[in-house]
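Below is one structure; the comments refer to it alone.
Just so you know, these numbers come straight off a predicted model, no measurement behind them.
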Amino acid sequence: MDILTKRERSVRMGLIRSTDTKPEIAVRRLVYGMGYRYRLHGKNLPGHPDLVFASRLQVIFVHGCFWHLHQNCSHCRPPKSRQDYWKPKLQRNAERDKQTQQKLRRMGWRYLVVWECELRNQSKLIRKIMQFLA
């Protein structure tokens, strides 16, 4: 079993990216290949959406199944250790996502959440994105 010091754990957690993740880049390439153009990480919008289609008032979030508690997803397994730390942390992420979505709706924006696991079936994901952006 790998026992980490607080410093080692902090270094590892610091390596986890919040932007330009592999799933996000994959979605960006897919959307760009579909002919859509967008801005990245809307700093002036709640939640800093990953892809912003300002003229359409639409945004796309690319969520990791683990970090955002994707319901009924086989890739979203709760941690076995330090549950007293992880459970509230991940629940706060999910609650913050809901609040962000409500704020965007009130501002007149539409949003789409693309889950990391959805990248496994690109044809289905393309249809989902096209339907959203149409």
Side-chain angles (χ1 to χ4, degrees):
M1 187 165 134
D2 189 15
I3 298 176
L4 301 174
T5 66
K6 284 187 177 185
R7 175 77 180 130
E8 291 168 330
R9 185 177 309 277
S10 176
V11 168
R12 282 193 187 179
M13 292 299 286
L15 294 173
I16 298 172
R17 302 178 68 102
S18 61
T19 60
D20 301 329
T21 62
K22 287 181 183 180
E24 181 187 327
I25 290 171
V27 171
R28 287 176 4 198
R29 286 184 178 148
L30 191 66
V31 171
Y32 189 88
M34 293 164 62
Y36 293 101
R37 301 300 176 255
Y38 49 84
R39 297 280 180 218
L40 295 176
H41 313 117
K43 302 288 186 222
N44 58 336
L45 291 172
H48 307 290
D50 299 308
L51 283 74
V52 178
F53 305 88
S55 63
R56 299 168 176 267
L57 293 179
Q58 293 177 300
V59 297
I60 295 178
F61 290 96
V62 182
H63 284 342
C65 297
F66 172 78
W67 294 104
H68 295 268
L69 290 180
H70 188 196
Q71 299 298 313
N72 303 317
C73 176
S74 61
H75 304 288
C76 180
R77 294 187 193 98
K80 293 182 180 175
S81 63
R82 299 191 66 215
Q83 289 183 357
D84 57 326
Y85 169 79
W86 283 107
K87 191 174 180 180
K89 178 179 180 57
L90 297 176
Q91 286 174 337
R92 280 191 311 269
N93 289 349
E95 182 57 36
R96 188 169 38 249
D97 291 340
K98 288 178 188 174
Q99 291 171 358
T100 295
Q101 292 164 0
Q102 289 173 352
K103 288 177 186 175
L104 285 167
R105 271 196 303 269
R106 283 195 298 266
M107 294 171 66
W109 288 76
R110 292 181 54 225
Y111 66 88
L112 174 70
V113 174
V114 174
W115 293 98
E116 178 181 14
C117 63
E118 291 179 304
L119 289 167
R120 295 174 183 266
N121 186 342
Q122 282 205 346
S123 59
K124 188 175 179 181
L125 180 56
I126 288 171
R127 284 192 304 272
K128 179 180 178 177
I129 291 170
M130 286 184 76
Q131 185 177 20
F132 173 69
L133 292 174

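Here the closest heavy-atom approach between residue His68 and residue Ala94 is recorded as O-CB, 4.2 Å. Pairing each heavy atom of Tyr111 with each of Arg105, the nearest pair is OH-NH1, 2.8 Å. When all heavy atoms are compared, the tightest approach of Pro46 to Leu104 is CD-CD2, 3.8 Å. For Leu90 against Pro79, the heavy-atom pair with the smallest separation is CD1-CD, 4.4 Å. Closest of all the heavy-atom pairs between Asn93 and Trp67 is ND2-O, 3.0 Å. Nearest approach of Cys65 to Cys117, heavy atoms of both residues: SG-N, 3.5 Å.
Residues that satisfy the side-chain contact (heavy atoms from CB on, under 4.5 Å) test with Arg37, not counting sequence neighbours, are Tyr32. Partners of Trp115 according to the ring pair (Phe, Tyr, Trp, His ring centres under 6.0 Å) rule, which considers only residues two or more places apart in sequence or in another chain, are His63, His70.
Taken together through direct or relayed side-chain contacts under 4.5 Å among Ile, Leu, Val, Met, Phe, Trp and Tyr, Met34 and Leu112 form part of one hydrophobic cluster. Residues Val59 and Val114 are members of separate hydrophobic clusters, defined by side-chain heavy-atom contacts under 4.5 angstrom among Ile, Leu, Val, Met, Phe, Trp and Tyr.
Considering CD of Gln91 and NZ of Lys87, their distance stands at 5.5 Å, rounded to 0.5 Å. Atom-to-atom distance recorded for His48:NE2 and Thr100:OG1 is 9.0 Å, nearest 0.5 angstrom.
Remark: Arg39 CZ is loosely packed, at most 12 non-hydrogen atoms of other residues, nucleotides or ligands lying under 6.0 Å away.
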May I have the list of side-chain donor-acceptor pairs in residues 124-134 shorter than 3.5 Å, sequence neighbours left out?
residue	atom	partner	partner atom	Å
Lys128	NZ	Val113	O	3.1
Lys128	NZ	Glu118	OE1	3.0
Lys128	NZ	Glu118	OE2	2.7

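With hydrogens and angles ignored, the 3.5 Å screen pairs a side-chain donor or acceptor of Asp50 with a backbone N or O of Val62. Side-chain atoms of Gln71 come within 3.5 Å of backbone atoms of Leu69 as a donor-acceptor pair (strictly under, hydrogens ignored).
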Intermediate values then yes/no, side chain to side chain contact (heavy atoms under 4.5 Å, CB included), Phe53 and Val31: CA-CA 11 Å; Phe53 305 88; Val31 171; 3.8 Å; yes
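Annotation: side chain of Leu40 is in contact with side chain of Arg28 (closest heavy-atom distance under 4.5 Å). A 4.5 Å side-chain heavy-atom check between Tyr38 and Val52 finds every atom pair outside the cut-off. You'll find the side chain of Arg82 stays beyond 4.5 Å of the side chain of Lys89, heavy atoms only. For the pair Gln58 and Tyr36, the minimum side-chain heavy-atom distance is 4.5 Å or more.
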